[in-house]
Novice: 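Take this structure, written in structure tokens, and hold onto it; I'll ask about it next.
From a predicted model like this one, the values you see are computed outputs, not experimental measurements. For the numbers below, each heavy atom of this structure counts, side chains included, while hydrogens, waters and symmetry mates do not.
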Amino acid sequence: MPMLKDPSRKYKPYTPLNIPDRQWPSRTITKAPIWLATDLRDGNQSLANPMTIPQKTRFFKQLVDCGLKEIEVAYPAASDTDFGFVRGLIEGGLVPDDVWLQVLTPARADLIKRTVDSVAGAKHAIIHMYNATSPTFREVVFRNSKEETIALAVEHTKLVRQLTEECTAKYGTKFKYEYSPETFTQTEIEFAVEICEAVKKTWGKAGTGEDRIIFNLPATVEIATPNHYADQIEMFCRTVSEREKIIVSLHPHNDRGTGIAAAELGLLAGADRVEGCLFGNGERTGNVDLVTLALNQYTQGIHPNLDFSDIFSVIETVTQCNDLPVHPRHPYGGDLVFTAFSGSHQDAIKKGFEAQARVHALAAQDGGPQYWNIPYLPVDPADLGCNYEAIIRVNSQSGKGGIAYLVKQALHLDLPRKMQIAFYQVVQDIADRTGKEMTIDDITSAFYKTYKYGPKHEGRLALRSFTLMDASRPSTPTDSRQPSPTPSGSGNDTPRRFVGRISVDGIVREIRGEGNGPLSSLLDALRTYLDIDLVIREYSEHSVGEGTGAKAASYVELITPDADKGVPGSWGVGVDSDIAGSGLRAVLSAVNAFIKDKTLPELDSSSGFITSRSGHSGIASAIKSSMLLELPKRLLNNFTDNIMSATKSQHNDSIRIDDVRDEFKRVYRFDDGTGEISSTSRFTLVAFKITNISPTGDTSSEGRRRFDGKITVDGQVREVTGEGNGPLSSLIGALQHETQPHAFTIGDFSQHSIGYGADVRAASYVELIMDGKKSAWGVAVDEDIAASGLRAVLSAASVLVPANN
């Protein structure tokens with residue numbers, strides 16, 4: 001049947017109360033109410049699959065951990081399971097001394113007795129009795145008059161008093177009494193007050209403090225706007241006698257979706273207490289959500305006396321015990337509540353964090369409060385145990401501000417505005433093409449690839465080493481740690497000469513250029529040697545980190561000399577501990593973006609040669625610039641002698657740097673982790689595990705180790721095991737089983753790092769001695785420091801062990 005054209009012929013509107021001088025609209029909430037969680041009773045009875053005893057016990061402990069001091073645990077007369085659960089809490093000592101157990105019963109004598117029996121021996125207990133009071137229930141369901149309805153409540157209140165007094169005398173349990181005129185919001189307000197007055201008189205023990213009687217006024221079914229509920233609460237509080245002896249309690253349901261608003265307005269109207277469930281579970285559309293209510297107060301500077309510092313653990317308990325999810329958009333607890341996809345929202349959040357950092361720094365100096373003031377985020381996620389990683393997420397609707405925020409969070413790079421626009425387009429193109437959300441890993445990966453950022457993502461041009469000289473005094477090196485380069489590339493007017501080694505499509509070359517600063521000097525060299533004619537349009541920089549570990553991040557936009565003003569340029573980024581180095585890397589990053597796959601001219605071959613007069617320093621420089629390796633002295637001497645002998649025997653005065661590099665790889669079976677040496681090395685590493693086999697309690701670094709792994713021997717994979725005092729000696733122990741009768745020892749060993757941050761790798765150098773006579777060096781590079789040493793051992797062994805062994 002379709003919706004009616006005239007619903008007034010089927011549904012009656014609520015009748016508003018006439019309160020010309022209502023007070024609640026001008027009040028504010030200034031303190032937390034008394035909270036009662038009814039997840040284990042009202043929440044549990046609404047579940048398709050009610051909680052098991054272990055689930056209810058886990059939930060009870062979670063409520064205690066959150067700070068709840070009143071917990072409605074069951075309708076114990078409804079089943080032996082509920083009765084047994086209450087007894088288990090008490091007899092198991094699970095109820096803290098300051099927590100009140102509340103149990104529900106209807107106005108029936110047999111059920112009231114069973115209910116009181118369930119809490120016998122508890123330190124504190126609340127008996128919660130109810131009967132329905134609205135006209136529909138009086139006239140249709142129970143066919144009782146008002147007088148009969150009051151008599152029912154009075155008669156059974158007398159019984160509750162009698163049984164609780166007997167229980168107190170026998171077990172020492174201290175009781176409170178709560179009465180609910182069920183369906184309060186549909187009951188005439190005068191009758192609700194009348195029946196509560198009769199119950200209070202019959203109870204006869206209402207006092208102040210903990211002796212107050214609790215009148216719970218439920219919106220059993222939400223039938224009006226929340227302001228009407230507030231009017232009803234205010235009228236009740238005005239009319240009932242001995243208000244100081246009464247705790248007025250709210251129990252809103254959420255049939256109209258305004259349970260939170262009804263509870264908050266009810267507190268303004270004079271209520272003292274709220275009953276509800278975590279994340280709003282309950283019959284039909286649920287009970288009022290205690291988490292949202294409490295955190296609403298928290299964001300107004302009022303501590304709710306509940307603790308949701310680890311909101312994820314609360315969500316986990318609630319979802320696993322209720323077998324219901326928390327909606328992704330649920331206030332405070334949903335997966336997406338601290339997430340912005342919209343570009344304008346992301347930009348506002350980014351700017352908010354930046355501004356707040358400055359304001360907080362000033363407030364900290366003055367010892368003042370550091371107020372939270374971030375657009376779109378009413379609470380600091382960190383206060384709830386959340387981090388900031390998911391605040392901004394990226395899809396095709398996102399903007400440059402959000403993307404820049406994520407780059408700053410992940411890479412500590414504060415992109416200039418025009419670069420934000422350029423990278424935003426890159427990300428948007430990917431998002432449009434895939435139609436999916438871009439994760440932080442997707443974004444950082446796109447950044448690495450776009451700007452050739454980091455050692456693992458080098459572009460066609462990469463800086464290996466450089467020297468800056470005063471061009472007015474030839475061959476006079478200058479300190480590269482100088483004032484920040486300006487757009488023209490220098491902090492002063494002194495001409496500079498750049499002499500550096502760059503990798504060009506994998507081949508290291510030396511280039512030279514002059515300008516009025518480091519960057520313009522490099523651009524001059526690129527123009528001279530590679531026919532790349534670019535100038536700087538924009539330059540900026542900032543520091544990354546603090547103290548001795550601080551680095552400089554530089555950003556450069558390059559354009560062709562004849563580019564129009566509105567034509568976007570090519571952006572680049574560089575990070576280095578040397579401020580000039582960061583700028584030079586940024587230039588090459590931008591150049592890589594500009595040249596793409598463009599064919600570059602061949603460099604003058606003389607720039608790729610070293611001479612016989614270069615000696616050890618020349619060889620060391622060639623290896624370091626082309627391979628990033630810093631050879632130990634004995635290895636350098638060994639290799640230099642080989643190279644110089646080969647040069648003299650061929651009657652040449654020079655040797656190509658590429659040939660030096662290739663010879664090094666051949667002689668030392670250099671293993672860079674790429675697998676290139678697999679076909680020439682007898683032994684290679686496939687997989688391994690190092691285990692500490694020292695006796696229990698031996699924590700010394702000299703403890704025994706066992707190597708378990710797979711290596712290739714002449715192309716065949718073998719599983720090997722060996723023991724020693726460390727990773728290398730345990731591998732040697734394993735290797736000797738494969739190379740008998742030969743025995744190996746380590747003559748020399750050193751390591752150093754290559755790169756920095758997440759891209760760091762370890763270079764290892766091992767001199768292996770076979771049978772106490774013959775020796776050879778092995779060199780390897782790997783992201784894993786232990787693996788680099790193991791690979792170096794196998795490289796050396798490949799040189800030493802005869803092929804027919």
Side-chain angles (χ1 to χ4, degrees), residues 31-45 56-76 82 85-86 88-90 93-105 115-116 118-130 160 164 167-168 173-180 203 205-218 245-253 259 263 266-267 271-282 287-294 297 303-308 314 317-318:
K31 64 178 181 178
I34 301 166
W35 305 102
L36 174 124
T38 185
D39 298 82
L40 300 175
R41 197 279 301 170
D42 204 343
N44 186 56
Q45 75 182 33
K56 293 187 78 171
T57 303
R58 176 185 176 183
F59 210 127
F60 178 82
K61 292 178 178 178
Q62 182 69 69
L63 293 171
V64 170
D65 289 344
C66 289
L68 271 300
K69 302 303 181 185
E70 296 185 5
I71 303 173
E72 190 167 58
V73 292
Y75 180 169
D82 274 7
F85 171 63
V86 179
L89 291 177
I90 298 168
L94 299 178
V95 186
D97 288 346
D98 61 346
V99 171
W100 292 75
L101 294 184
Q102 179 166 303
V103 284
L104 179 73
T105 179
T115 300
V116 174
S118 72
V119 292
K123 190 174 182 67
H124 298 109
I126 303 171
I127 301 299
H128 179 193
M129 191 190 81
Y130 71 93
V160 171
T164 54
C167 185
T168 299
T173 302
K174 183 174 182 179
F175 285 95
K176 288 183 184 179
Y177 181 45
E178 175 176 335
Y179 171 71
S180 288
W203 179 246
K205 298 191 292 182
T208 57
E210 286 194 347
D211 293 329
R212 288 179 291 174
I213 189 171
I214 302 170
F215 286 141
N216 188 51
L217 309 179
K245 298 180 180 180
I246 299 168
I247 293 174
V248 174
S249 178
L250 308 176
H251 187 107
H253 278 254
L267 291 173
D272 311 293
R273 182 175 182 265
V274 179
E275 296 187 351
C277 294
L278 302 186
F279 298 108
N281 183 38
N287 291 75
V288 72
D289 173 18
L290 296 187
V291 177
T292 300
L293 274 176
Q297 293 192 0
H303 200 290
N305 299 324
L306 296 179
D307 187 3
F308 297 111
V314 180
T317 296
V318 171

Novice: What distance separates Asn216 CG from Tyr130 OH, expressed to the nearest 0.5 Å?
Specialist: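 Answer rounded to 0.5 Å: 12.5 Å.
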Novice: Go through the steps for Asp82 and Lys56 under the test salt bridge (Lys or Arg N to Asp or Glu O under 4.0 Å), then give the verdict.
Specialist: CA-CA 10 Å; Asp82 274 7; Lys56 293 187 78 171; 3.3 Å; yes
Novice: Given side chains that start at C-beta, do those of Gln45 and Asp42 come closer than 4.5 Å, heavy atoms only?
Specialist: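 Yes, at least one pair of side-chain atoms sits under 4.5 Å.
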Novice: Do Lys123 and Val95 have side chains that approach each other closer than 4.5 Å (heavy atoms only, starting at C-beta)?
Specialist: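 Lys123 vs Val95: side chains apart.
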Novice: Of the non-hydrogen atoms in Val116 and Cys167, which two are nearest, and what is the gap between them?
Specialist: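 Answer, listing the atom of Val116 first, then Cys167: CG1-CB, 4.1 Å.
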Novice: Rounded to the nearest 0.5 Å, what separation is found between the OH atom of Tyr177 and the OG1 atom of Thr164?
Specialist: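 Answer for the OH-OG1 pair, Tyr177 versus Thr164, is 9.5 Å.
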Novice: What residues form a salt bridge (Lys or Arg N to Asp or Glu O under 4.0 Å) with Lys176, not counting sequence neighbours?
Specialist: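 In terms of salt bridge (Lys or Arg N to Asp or Glu O under 4.0 Å), with neighbours along the sequence ignored, Lys176 is linked to Glu70.
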Novice: Only counting residues at least two apart or in another chain, list the ones meeting side-chain contact (heavy atoms from CB on, under 4.5 Å) with Lys31.
Specialist: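 Per chain and number, Lys31 pairs via side-chain contact (heavy atoms from CB on, under 4.5 Å) with no residue.
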Novice: Within a strict 4.5 Å, meaning less than it, do heavy atoms of the Trp35 and Leu293 side chains meet?
Specialist: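 Of all side-chain heavy-atom pairs linking Leu293 with Trp35, at least one is under 4.5 Å.
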Novice: Is the shortest heavy-atom distance from the side chain of Leu68 to the side chain of Leu36 under 4.5 Å?
Specialist: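 Not in contact.
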Novice: Filter on side chain to side chain donor-acceptor pair (under 3.5 Å), then keep only pairs touching residues 206-215, sequence neighbours left out; what's left?
Specialist: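 Sorted pair list: Lys174-Glu210.
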Novice: Under a 4.5 Å cut-off applied to non-hydrogen side-chain atoms, are Phe85 and Leu40 in contact?
Specialist: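 Phe85 vs Leu40: side chains touch.
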Novice: Can you find a heavy atom in the side chain of Val119 that is under 4.5 Å from one in the side chain of Phe175?
Specialist: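 The answer is yes; the side chains approach within 4.5 Å.
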Novice: Evaluate Lys61 against Leu94 for side chain to side chain contact (heavy atoms under 4.5 Å, CB included), listing each step before the verdict.
Specialist: CA-CA 8 Å; Lys61 292 178 178 178; Leu94 299 178; 4.1 Å; yes
Novice: Are side-chain heavy atoms of Leu101 and Phe60 found at a separation under 4.5 Å?
Specialist: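 Leu101 reaches Phe60 side chain to side chain.
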Novice: Are any of the side-chain heavy atoms of Asn287 and Glu275 separated by less than 4.5 Å?
Specialist: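 Side-chain contact under 4.5 Å: no.
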